[in-house]
Amino acid sequence: MVTVTLPDGSQREIECGTTVQQFAQSIGAGLAKAALGGKIDGQTVDLSAPINADSTVEILTWKNEEGREIFRHTSTHIMAQAIKRIIPEAKLTIGPPLTDSFYYDFDVPTPLTPELLSKIEEEMEKIVTAAEPITRAELARDEAIRLFRERGEDYKIEIINELPEDQTISVYSQGEFADLCRGPHLPNTGYVKAYKLLNVAGAYWRGDVKNKMLQRVYGTSFPDKKALKEHLELLEEAKKRDHRKIGRELDLFSFQEEGPGFPFFHPNGMVLYNEIMTYVREELSKLDYVEIMTPLILNEELWHQSGHWDHYRENMYFTEIDEKAYAVKPMNCPGCMLVFRNDLRSYRDLPMKIAEFGRVHRHELSGVLHGLFRVRCFTQDDAHIFTTPEKLEDDITEAIDLIRRVYEVFGFDDYHMELSTRPEKALGSDEMWDSATDALRNALENHGIKYKLNPGDGAFYGPKIDFHVNDSLNRTWQCGTIQVDFSMPERFDLNYVGPDGQKHRPVMVHRALVGSLERFIGVLIEHTAGNFPVWLAPVQVAVLPISEKHLDYAQSVYDQLRAAGVRATLDVAEDKIGMKIRNAEIRKIPYMLVVGEKESAAGAVSVRRHGKGDQGSVPRDEFVLKIWDEISNRTR
RNA sequence: GCUGAUGUAGCUCAGCUGGUAGAGCAGCUGAUUCGUAAUCAGCAGGUCGUCGGUUCGAAUCCGACCAUCAGCUCCA
């Protein structure tokens with residue numbers, strides 16, 4: 001007998017060699033039915049794995065992330081089996097589960113077509129219906145190599161050869177299909193009741209452009225059809241929030257063939273742009289920032305000095321003026337360096353916080369352009385903080401607080417932070433790196449902030465904290481950032497005069513709150529689905545006269561709103577009120593004021609809130625006060 | 001940049017195997033003056049992404065280019 005400890009701390013005695021499946025059965029039939037795999041002492045295992053010693057055991061179901069991974073991993077094998085049946089010469093590579101989907105990469109003689117997907121799905125159906133038992137076998141290295149050589153699976157052999165000597169090599173089989181796989185897997189293929197192949201795409205072997213391009217098939221799967229349907233509807237819903245679509249519908253911005261990757265902001269989009277800048281400026285002035293503006297084009301020499309020519313040339317645009325080489329700035333820092341260096345600085349000036357809404361141009365690969373999320377020209381709400389090593393942590397803390405406050409005002413809670421540390425190729429001494437990394441880490445931990453650690457992912461000039469925000473399809477985009485920089489002050493020979501009368505080298509921090517205004521606006525659009533809070537809405541109020549007879553009164557209401565600084569429109573069209581409301585609703589205007597006979601007699605307005613319907617009639621002055629309050633407080 | 005897909009009116013889309021383009025919405029004009037998500041009628045709008053080729057004839061077939069979309073991190 002062995003003693004099994006469950007996650008809740010309770011213990012059970014069971015016979016040695018009992019499988020996870022049997023153990024689940026002994027707890028309850030329901031659990032046994034829901035079980036997808038197990039976890040013995042923290043190690044995920046098949047349901048058929050025996051429990052051979054005293055251990056902690058957890059039964060994994062759809063509710064556990066690991067359970068879902070097992071489920072998706074088996075799904076990817078089923079898909080691979082189906083594809084091997086249709087294209088026998090397809091070579092298997094890797095096929096992992098993702099958060100809510102899975103994929104498998106194949107080396108195939110001709111690219112897969114979307115039409116093939118339904119054929120593959122039909123074949124998968126057969127495999128699922130057959131409920132093929134899935135078996136695990138542990139093989140010696142040479143046996144495994146022989147097996148995959150016979151099957152012509154060159155990539156699997158490559159993988160085996162790279163596995164450490166002491167690694168157990170396991171092969172999972174179902175019917176005629178066998179795959180090198182660590183597992184664990186479901187007991188049979190019948191578990192995967194609902195699945196859908198989503199798309200095909202190219203992907204490089206091991207993600208390296210130098211390698212051969214493989215064909216990747218994406219799919220998703222669920223234990224039942226209902227869950228699959230809900231998931232697909234969610235994807236559909238997310239597409240409706242796509243900022244590119246809403247940007248067109250609300251006439252916020254456009255892209256033109258004449259400038260791929262260079263967004264054109266329309267009047268409505270400019271309102272968002274300017275409101276964001278106004279708000280950020282308010283926050284900056286509270287913290288004693290100063291603001292500068294530096295040129296877009298600067299002599300190429302500067303970029304040699306800054307190191308961008310060495311490290312960032314590929315992404316830069318170059319030009320010539322009076323037969324001299326110039327570059328369009330991809331970052332704002334060098335310009336700011338020149339401003340700092342333009343004067344003698346005292347320790348009394350530090351920390352010196354210099355902000356710039358800097359417009360930068362970067363040559364991104366054509367294939368990665370993506371609406372406002374990935375553009376070739378954007379404005380950063382940049383700032384460079386010149387400080388001393390002693391004050392560094394306080395300045396970082398202030399920046400973190402600022403970023404979080406700003407995100408809160410915009411209604412964001414779906415973001416996470418990542419701390420990136422020293423990469424292989426790095427400038428500066430170990431001590432500098434350690435103290436800067438500590439400053440960042442302490443600032444995070446003193447706030448009790450959870451963060452993801454990216455060892456070796458820092459910039460060559462210093463460690464950083466990045467803020468990542470999720471889009472409607474759960475893709476993450478970097479927005480805010482706080483980066484410590486040892487390199488720039490050195491390269492530009494920046495100094496300040498200390499209390500001792502000697503020259504000292506300042507520490508520099510780059511920081512951006514929303515990052516790229518363009519990207520942030522994109523995220524904001526998806527986050528709100530275009531239903532902006534009143535303070536941001538391009539049009540805040542639509543005044544809708546019932547008929548021409550009420551135009552004069554409507555005009556006076558409109559004038560009053562405009563005089564109060566409210567962005568209002570007056571709908572003078574000869575439409576019925578239903579049509580005017582519909583038009584305003586479609587444009588997602590937060591407030592509609594219906595004015596007719598009753599209102600003009602009472603000096604009132606009938607308020608209709610976007611998406612919420614009629615809110616009843618209020619005196620016009622009262623409405624103006626209320627909306628003014630909402631705007632100036634930036635109510636979410 | 002690479003792989004695949006797509007490109008027809010401002011928007012959304014139709015146009016089978018080649019026979020010189022069509023709808024709805026939006027726009028304009030007129031009628032209607034109306035109470036909380038679409039009043040009626042008429043008009044106008046496209047060198048079918050660009051350039052080249054095949055053909056008596058190309059939106060349709062072929063090629064190149066441009067743009068857009070998905071993917072190119074998840075390690076058996």
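Protein chains get the first letters and strands the later ones, always in sequence-line order, with residue 1 at the start of each.
- The base of B/A37 lies close enough to the side chain of A/Glu585 for a donor and an acceptor atom to sit less than 3.5 Å apart.
- Not a single donor-acceptor pair, N or O on each side, falls under 3.5 Å between the base of B/A70 and the side chain of A/Arg216.
- For the pair A/Arg248 and A/Ile586, nearest-nucleotide mapping onto RNA chain B gives the more 5' position to A/Arg248.
- Within the 4.0 angstrom heavy-atom criterion, only backbone atoms of the sugar-phosphate kind lie near A/Gln215; the bases stay farther away.
- In this structure, A/Lys598 reaches the bases: a heavy-atom distance under 4.0 Å links it to at least one base atom across the strands shown.
- B/G49 and B/A58 have their P atoms separated by 15 Å, with the value rounded to a whole Å.
- Using bins of under 30°, 30° to 60° and over 60° for the plane-to-plane angle, the ring pair A/His73/A/His77 lands in the perpendicular bin.
- Residue contacts shown for A/Glu599 include a base, since a base heavy atom lies under 4.0 Å away.
- Remark: A/Leu147 pairs with A/Leu139, A/Arg151, A/Val171 by the side-chain contact (heavy atoms from CB on, under 4.5 Å) rule, at least two apart or across chains.
- Nucleic acid contact class of A/Ile581 (heavy atoms, under 4.0 Å, all strands): base.
- Within the cation-pi definition used here (under 6.0 Å to the ring centroid, within 45° of the axis), A/Arg608 does not qualify as a partner of A/Tyr591.
- Closest to the A/Arg244 side chain, of the nucleotides B/G1, B/A70, B/G35, is B/A70.
- Within the 4.0 angstrom heavy-atom criterion, only backbone atoms of the sugar-phosphate kind lie near A/Gly578; the bases stay farther away.
- Using a 4.0 Å heavy-atom cutoff across all strands shown, A/Phe255 reaches no nucleic acid atom at all.
- Heavy atoms of A/Val594 sit under 4.0 angstrom from at least one base atom.
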